[in-house]
Novice: 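I'd like to ask you about the structure that follows.
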Amino acid sequence: MVLGKISIVIPAFNEEKNIGRILECTHKQSYKNFEVIVIDDGSHDNTGKICKAYTKKYKNYKYIYKENSGVSDSRNLALKYVKGDYVCFWDADDWIGPDYLKEFIQSATLTPNPEETIFVAGCTIDSFNKKKKLEPKTINLDNRLITKKELMASFIIQHEKYRLELWNKLFPIKIIKKHKFKSKLILGEDFEFFTQCLRDIRYLLTVDNNSYHYIIDVNQIKHHTKFNEEVEREKYIQNNLIKAGLSTETANIFYFRRLLITAYTSLSYLHCSKNETLFILSILKWSHPVLFKPFANYKKAQYIMLALMQFNSPMVIKEYFKVKNKIKMRKRK
């Protein structure tokens with residue numbers, strides 16, 4: 001085998017209903033050279049009790065409790081303990097097929113340098129509506145080795161194909177040890193970390209494997225952060241991509257596109273005040289590249305925000321999203 005030991009990092013907070021399932025998924029992996037590190041982020045349910053049962057039974061399971069401070073701190077703490085050659089990050093409420101790690105291992109023969117390659121697999125999205133399972137969505141990727149130069153040339157169009165999360169990726173320890181998760185970021189910290197790691201890779205290898213099952217409850221309340229916090233994260237991502245080899249002009253276009261989508265989300269869900277709306281408009285106007293056309297996914301949101309920017313009116317923007325949300329609520333009924 002080309003790869004050696006794999007460290008599986010699982011942050012958990014009050015996951016007593018799910019943690020046993022994912023720990024059993026780890027135990028049933030057909031590739032056995034792995035360790036599991038669960039970081040309990042201050043749970044006050046039976047999460048710890050369930051994890052400790054595995055650590056008593058299996059030597060390759062480690063349980064660490066810490067005071068609650070968020071998923072980024074949990075992952076950073078886990079990275080101090082990992083002993084594997086590669087690291088993957090799994091979510092405590094998901095589940096994984098038994099050959100997931102083995103298929104990553106087998107695909108490693110496709111890259112001349114596994115230690116400087118990030119592996120990206122497909123996945124299966126399992127959606128639920130009031131506990132009723134909806135039709136799953138399968139995302140397939142072919143086995144394909146992509147050089148860093150090719151990746152950067154197509155990144156702004158193709159990046160969402162690789163998912164923005166961490167759970168479908170395998171990172172070499174040589175790369176991951178150079179970077180840290182930013183504790184101040186509440187949302188999108190996983191994609192920011194991924195873009196950090198792109199600085200040090202030589203290849204990205206997509207893997208024909210969709211046996212990671214990502215669980216989504218469509219009724220779950222979505223979390224959103226204030227626009228100024230989103231801007232800070234996007235600045236980090238922009239700088240990471242420039243350091244990874246993306247041209248400044250292309251990085252600016254990518255940054256602005258993501259700002260448009262973030263602004264649309266913020267104005268839709270956060271009930272922004274007049275001053276907050278003016279702040280959003282000022283950031284968008286200041287960041288607007290001369291030549292920009294909406295691209296990739298979420299084009300509608302980009303076009304709408306570009307149109308609303310022309311009005312420069314918090315009142316018009318407020319009324320638009322008020323009507324939009326009313327229509328959305330009617331459709332749900």
Side-chain angles (χ1 to χ4, degrees), residues 5-98 100-101 104 123-124 126 128 131 133 165-171 173 176-177 179-190 192-193 211-217 219-223 225:
K5 188 174 186 177
I6 297 176
S7 298
I8 303 169
V9 173
I10 305 175
F13 175 68
N14 290 343
E15 290 287 355
E16 64 178 8
K17 294 181 179 179
N18 302 306
I19 194 71
R21 177 178 62 185
I22 196 165
L23 290 177
E24 197 59 22
C25 288
T26 61
H27 175 62
K28 290 181 178 178
Q29 289 297 304
S30 55
Y31 183 72
K32 296 301 183 182
N33 190 10
F34 68 86
E35 65 173 356
V36 177
I37 301 174
V38 179
I39 304 295
D40 185 344
D41 190 28
S43 298
H44 43 76
D45 61 0
N46 289 317
T47 296
K49 182 179 179 180
I50 297 168
C51 293
K52 287 175 183 177
Y54 275 80
T55 62
K56 288 179 181 179
K57 196 172 182 180
Y58 308 110
K59 291 181 179 180
N60 58 333
Y61 284 71
K62 190 175 189 66
Y63 168 77
I64 301 169
Y65 179 89
K66 60 181 276 295
E67 294 298 321
N68 181 262
S69 61
V71 68
S72 291
D73 283 346
S74 296
R75 288 168 175 157
N76 285 333
L77 178 59
L79 291 177
K80 294 180 179 180
Y81 291 91
V82 296
K83 296 179 180 178
D85 302 296
Y86 279 72
V87 180
C88 57
F89 299 93
W90 293 357
D91 290 351
D93 56 347
D94 297 336
W95 68 276
I96 299 94
Y100 188 71
L101 295 183
F104 266 132
C123 62
T124 301
D126 290 339
F128 291 82
K131 296 186 178 181
K133 187 173 182 179
E165 304 89 350
L166 298 178
W167 38 255
N168 67 325
K169 298 174 179 67
L170 188 71
F171 295 86
I173 195 68
I176 212 169
K177 281 289 190 178
H179 304 286
K180 288 185 67 175
F181 291 89
K182 290 184 171 58
S183 301
K184 64 173 71 176
L185 299 183
I186 299 173
L187 293 177
E189 79 294 331
D190 39 8
E192 192 280 329
F193 182 80
S211 61
Y212 189 104
H213 289 254
Y214 178 55
I215 309 299
I216 296 179
D217 183 348
N219 290 307
Q220 190 174 12
I221 297 174
K222 294 182 178 180
H223 299 284
T225 55

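Only a predicted model underlies this, so the values are computations on that prediction, with no experimental measurement involved.
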Novice: For Asp41, give me all partners under side chain to side chain contact (heavy atoms under 4.5 Å, CB included), at least two apart in sequence or on another chain.
Specialist: Phe13, Lys66, Asn68, Ser69, Ser74

Novice: Once you round to the nearest 0.5 Å, how far does CZ of Phe34 lie from OG1 of Thr26?
Specialist: 5.0 Å

Novice: Among all residues two or more places apart in sequence or in another chain, which pass the side chain to side chain donor-acceptor pair (under 3.5 Å) test with Asn168?
Specialist: none

Novice: How close do Asn14 and Ser43 get, counting heavy atoms only, and between which atoms?
Specialist: N-OG, 2.6 Å

Novice: Show which side-chain atoms of residues 48-55 pair as donor or acceptor with protein atoms under 3.5 Å away, not counting sequence neighbours.
Specialist:
from: Tyr54; atom 1: OH; to: Glu24; atom 2: OE1; distance (Å): 2.5
from: Thr55; atom 1: OG1; to: Lys52; atom 2: O; distance (Å): 2.7

Novice: How long is the span from the CG atom in Asp85 to the NZ atom in Lys5, to the nearest 0.5 Å?
Specialist: 9.0 Å

Novice: Give a yes or no on this: more than 12 heavy atoms of other residues, nucleotides or ligands lie within 6.0 Å of atom NZ of Lys28.
Specialist: no

Novice: Can you confirm whether Val38 sits close enough to Tyr61 that some side-chain heavy atom of one is under 4.5 Å from a side-chain heavy atom of the other?
Specialist: no

Novice: List in chain and number order the residues that pass side chain to side chain contact (heavy atoms under 4.5 Å, CB included) with Asp91, two or more places apart in sequence or in another chain; answer none if no residue qualifies.
Specialist: Arg75, Asp93, Asp94, Trp167, Tyr212, Tyr214

Novice: Who pairs with His213 by side chain to side chain contact (heavy atoms under 4.5 Å, CB included), at least two apart in sequence or on another chain?
Specialist: Trp95, Thr124, Asp126

Novice: Report yes if some heavy atom in the side chain of Val82 is under 4.5 Å from a heavy atom in the side chain of Ile176; otherwise report no.
Specialist: no

Novice: Counting distance only, does the side-chain N/O of Ser183 pair as donor-acceptor with the main-chain N or O of Ser72 below 3.5 Å?
Specialist: no

Novice: Only counting residues at least two apart or in another chain, list the ones meeting side chain to side chain donor-acceptor pair (under 3.5 Å) with Glu35.
Specialist: Ser7

Novice: Please report the closest heavy-atom contact between Ala92 and Ile22, naming both atoms and the distance.
Specialist: O-CG2, 3.7 Å

Novice: Mind checking what makes side chain to side chain donor-acceptor pair (under 3.5 Å) contact with Asn76, not counting sequence neighbours?
Specialist: none

Novice: Indicate the atoms forming the closest heavy-atom contact of Ala12 with Thr47, along with that distance.
Specialist: CB-CG2, 4.1 Å

Novice: As an exercise, state the distance from OH of Tyr86 to CG of Leu101, rounded to the nearest 0.5 Å.
Specialist: 13.5 Å

Novice: Report the distance from atom CD of Glu15 to atom CG of Leu23, rounding to the nearest 0.5 Å.
Specialist: 11.0 Å

Novice: Phe181: what forms a ring-ring contact (aromatic ring centres under 6.0 Å, His included) with it, not counting sequence neighbours?
Specialist: Phe89, Phe193

Novice: In this structure, are over 12 heavy atoms from other groups packed under 6.0 Å from Lys32 atom NZ?
Specialist: yes

Novice: Which value, rounded to the nearest 0.5 Å, describes the distance between Leu79 atom CG and Lys180 atom NZ?
Specialist: 9.5 Å

Novice: Side-chain contact, heavy-atom cut-off 4.5 Å: His27 with Val36?
Specialist: no

Novice: Which pair of non-hydrogen atoms, one from Glu192 and one from Lys182, has the smallest distance, and what is that distance?
Specialist: OE2-NZ, 3.0 Å

Novice: Just to verify, what does Tyr65 make a side chain to side chain donor-acceptor pair (under 3.5 Å) with, not counting sequence neighbours?
Specialist: none

Novice: When rounded to the nearest 0.5 angstrom, what is the spacing between CG in Asn46 and NZ in Lys17?
Specialist: 12.0 Å

Novice: Who pairs with Lys184 by salt bridge (charged side-chain N to carboxylate O under 4.0 Å, His left out), at least two apart in sequence or on another chain?
Specialist: Glu232

Novice: Taking salt bridge (charged side-chain N to carboxylate O under 4.0 Å, His left out) as the definition, give me every residue that meets it alongside Glu16, ordered by chain and number, with sequence neighbours left out.
Specialist: none

Novice: Can you list everything that forms a side chain to side chain contact (heavy atoms under 4.5 Å, CB included) with Tyr81? Sequence neighbours excluded, please.
Specialist: Ile37, Lys62, Ile64, Leu77

Novice: Is the shortest side-chain heavy-atom distance between Ile215 and Asn18 below 4.5 Å?
Specialist: no

